[in-house]
Protein chains: 2
Amino acid sequence: MSPHPLGKILQPESIAVVGASETSAGGRYVSAMLKLGFKGKIYPVHPQHQEVFGLKCYPSVREIPENVDFVISTIPANMVLSLIDDCAGKSVKCIHFYTARFSETGRTDAIELEHEVLRRCRNAGIRLIGPNCMGVYYPGWGMSWTTTMSNQPGAIGFLSQSGSAAYEIIESAEVRGMHFSKAVSYGNALDFNECDYLEYFGEDAATKIIMIYIEGVRDGKRFLEVLRKTALKKPVLILKGGRGKSGTRATASHTASLAGSMTVWNTAMEQTGAVSVAHIEELLDVAVALYFLPAVYGNHVGIAGGGGGWSVMAADLCEEAGLNVIPLPDEIRQELKKAGNPIWDWVTNPVDFSIAPVELIPSYITKMMVNNPNFDLNIIFIDPQRNRGVVSSDVLLNEFPWNDLKKKPLLVVLLDWGRNAAGTDIASSELYRDLKNKLIGMEVPFYPTAVRAANAAGKMIGYYINRKKNLAD
Amino acid sequence: MSPHPLGKILQPESIAVVGASETSAGGRYVSAMLKLGFKGKIYPVHPQHQEVFGLKCYPSVREIPENVDFVISTIPANMVLSLIDDCAGKSVKCIHFYTARFSETGRTDAIELEHEVLRRCRNAGIRLIGPNCMGVYYPGWGMSWTTTMSNQPGAIGFLSQSGSAAYEIIESAEVRGMHFSKAVSYGNALDFNECDYLEYFGEDAATKIIMIYIEGVRDGKRFLEVLRKTALKKPVLILKGGRGKSGTRATASHTASLAGSMTVWNTAMEQTGAVSVAHIEELLDVAVALYFLPAVYGNHVGIAGGGGGWSVMAADLCEEAGLNVIPLPDEIRQELKKAGNPIWDWVTNPVDFSIAPVELIPSYITKMMVNNPNFDLNIIFIDPQRNRGVVSSDVLLNEFPWNDLKKKPLLVVLLDWGRNAAGTDIASSELYRDLKNKLIGMEVPFYPTAVRAANAAGKMIGYYINRKKNLAD
């Protein structure tokens, strides 16, 4: 199999940013590459500047003394045709058009211009990313569209039709400890489309999990084929925008694609083995479980922590997410009895720590549950509010049997009652941050609520079970 | 109609806390009442202390020189029978048994003891709250079970079978600007049960909205009758714990009640007109909309803010929550055209602010939407991350047409990408807090995600439409 053409294109030796001044959208690409340490040459292009962020600036692509691999166009739509002609003379392999106001406006002249862009690039042998998109985020190669995104490489490949959704998804993922191999915001997908990016990420060795934000598909048949093939190799999470009447309307004015029927879509997704999610939070919730945790093919869950009401509700939410909240295994009961624990016959799964505040310390029971072969996975509750001033995050975390975790998935519900954000409780806010950072360091996914942890666990297990079945077919 | 007996019982002139030392659970009740400014007399009772938090302490209830209205029992279960005898001699009207380890343990001797407690109280004419519960939170009267709950009275009446759930719900509600008329954590409900508390809150003038956390119902027929009658008067939100197999198991060991079949439950709830919710977050989301917003009987929603992807997804989530995301009304389009706005023919509902960053400022379009009669309600997105360093919360908030809001519901999605909690962005964290506090001050409900705002709006409208229908029947 020959390497995917996007492999070379997404790793350019030189990039020209057309329309780059220090205050323009083009300038943001230049400063982002400088900050993230882009490994090749950067050529800012702007007729009115000699220098941009300390780099020599060229009046046009033609004036750049060497050939250029990759061009980022941030100039207005009415100027792009001559840019393409300039690029043709510089052996440019790909132009990323940040430039917008093409077919997504619904206006006839803009649609015609978009057609002409494609025709002219094809003639010149230039491939296209976009138009109307943020382009490439490749932390390992120093490519980004903002200075705020991390330069730490990771295992997620991400293709997004929307730039604003991509931005939010990337930044939110990083807060939860996930990092990216590459992400592409691809907008109107005039040349490379969702199928190409997905196929590429399927082949890319650095990519372990793929996330997709998509509004409309250009080539439905091929997309489903690539999706099915890719989901057999690695988890693929797909968030579909434009599911309803109004979303479809908004899609048209956003990235000029047709959204299609949701019924057809859902049926198709089930068959591909990709994990369908309904919103950004769910995308990240499921992704972080797949990112950190070992594969799991059973749904017997042990739950520990929280008071009585919490335990009851956690059990409900886990069952509603397709997990099986089995009764507390008898070995654990017998071990508690042997240790003289007075509630050995009363405690159940979920374990309600509040019924025995001293004897049944969280680390002790959690260790027993993590090591018990009857559980396929565990969910525990940590409440930084309750522990403030009593247990530091060090003690709280060191008490837990973290060394035993890599054998079996563990998800943490890190309760945040919201008081931190209201500023009434700074101490617990710091503890909360410490806990988050430590959990990330130990590669334990955490969730703000029980329902989100339960749902993520259910969808993660669903992916692995589905893949096993599809591989056997 | 004679006043409900709970009215007098929940507003005692004198309270004895039995088992109160400065370090005990009983002491927490004493210090909470002192902090919240309980309006009557407090008598700590403990055989080993002369004084508790500066108050004279009595060796037993018998030794208290005057009669006592209300007793909080925090002593072990094996000591309560003699306490009841003591209370009988002091004209005690009600005992709240914080004391646990009765029928919820499933043990024969504990169940028998619980029966005897009831029998002896009945003989003495003493009513019971609990056992196995936190009891009464009545901020306007200075009654609470922790010092951390607010002394600010509000309009929510809340009955909860679980103490830990009640605690979390109350504290989380306060962070979102909701306050309580009274809340009762009622545990095993040996005497007063869910029907009594619900009936009382239905009659209580200070209570505008009722929240229920319930695991099992004692008297199903009466409960449904009271629920239906109450939901015609004021919104009733009900969170049922113990919906599944394992939740039912956990319920038994938690508050010794039977959970029953969920199918029967759901059908019954639909008929009563109460709003059924699945977890704490949903309970609070719907409650805060009902708490702050005027009644609304239509589902035509206008959405504004966020980029393209956000707009598409917000439209989807609103439709999936039962809202109707109507096309942008022509008056707004014409007004934009008249003002020379270049995207007048392109902009749609949801309004994507990112397509025209200068001309289409959020306050301008939001004002038009809030005032447009085609919309029954509006949802807007505010992103403190994007605005940090650019617009202060004052400017951001003052720009919005807040004065027009009281006519029509407006829900805010206050985006929090989570970077604040990770401690990477303190400035935006402060802005976030400012925004939250101002929104609360202006009685605008806010949500961390689009899906939660959409769902809350859908359930709020559902309540009002359902009530109108039930009132007409």
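Chain A is the first sequence line, chain B the second, and so forth, proteins listed ahead of strands; every chain is numbered from 1.
- In this structure, the portion of B:R107 lying under 4.5 Å from any heavy atom of chain A is its side chain and not its backbone.
- Using a 4.5 Å cut-off between heavy atoms, B:I440 makes no contact with chain A at all.
- Exactly one of B:R243, B:K240, B:E215 qualifies for a side-chain contact (heavy atoms from CB on, under 4.5 Å) with A:V312. That residue is B:E215.
- Considering only heavy atoms from C-beta on, B:E281 comes within 4.5 Å of A:V451 through its side chain.
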Please report the C-alpha distance between A:H279 and B:L317 in whole Å, then the side-chain angles of each, then the deciding distance to 0.1 Å, and finally whether the side-chain contact (heavy atoms from CB on, under 4.5 Å) criterion is met. CA-CA 8 Å; A:H279 45 78; B:L317 295 167; 4.0 Å; yes
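- Under the 4.5 Å side-chain criterion, counting only non-hydrogen atoms from C-beta, A:M313 is in contact with B:I280.
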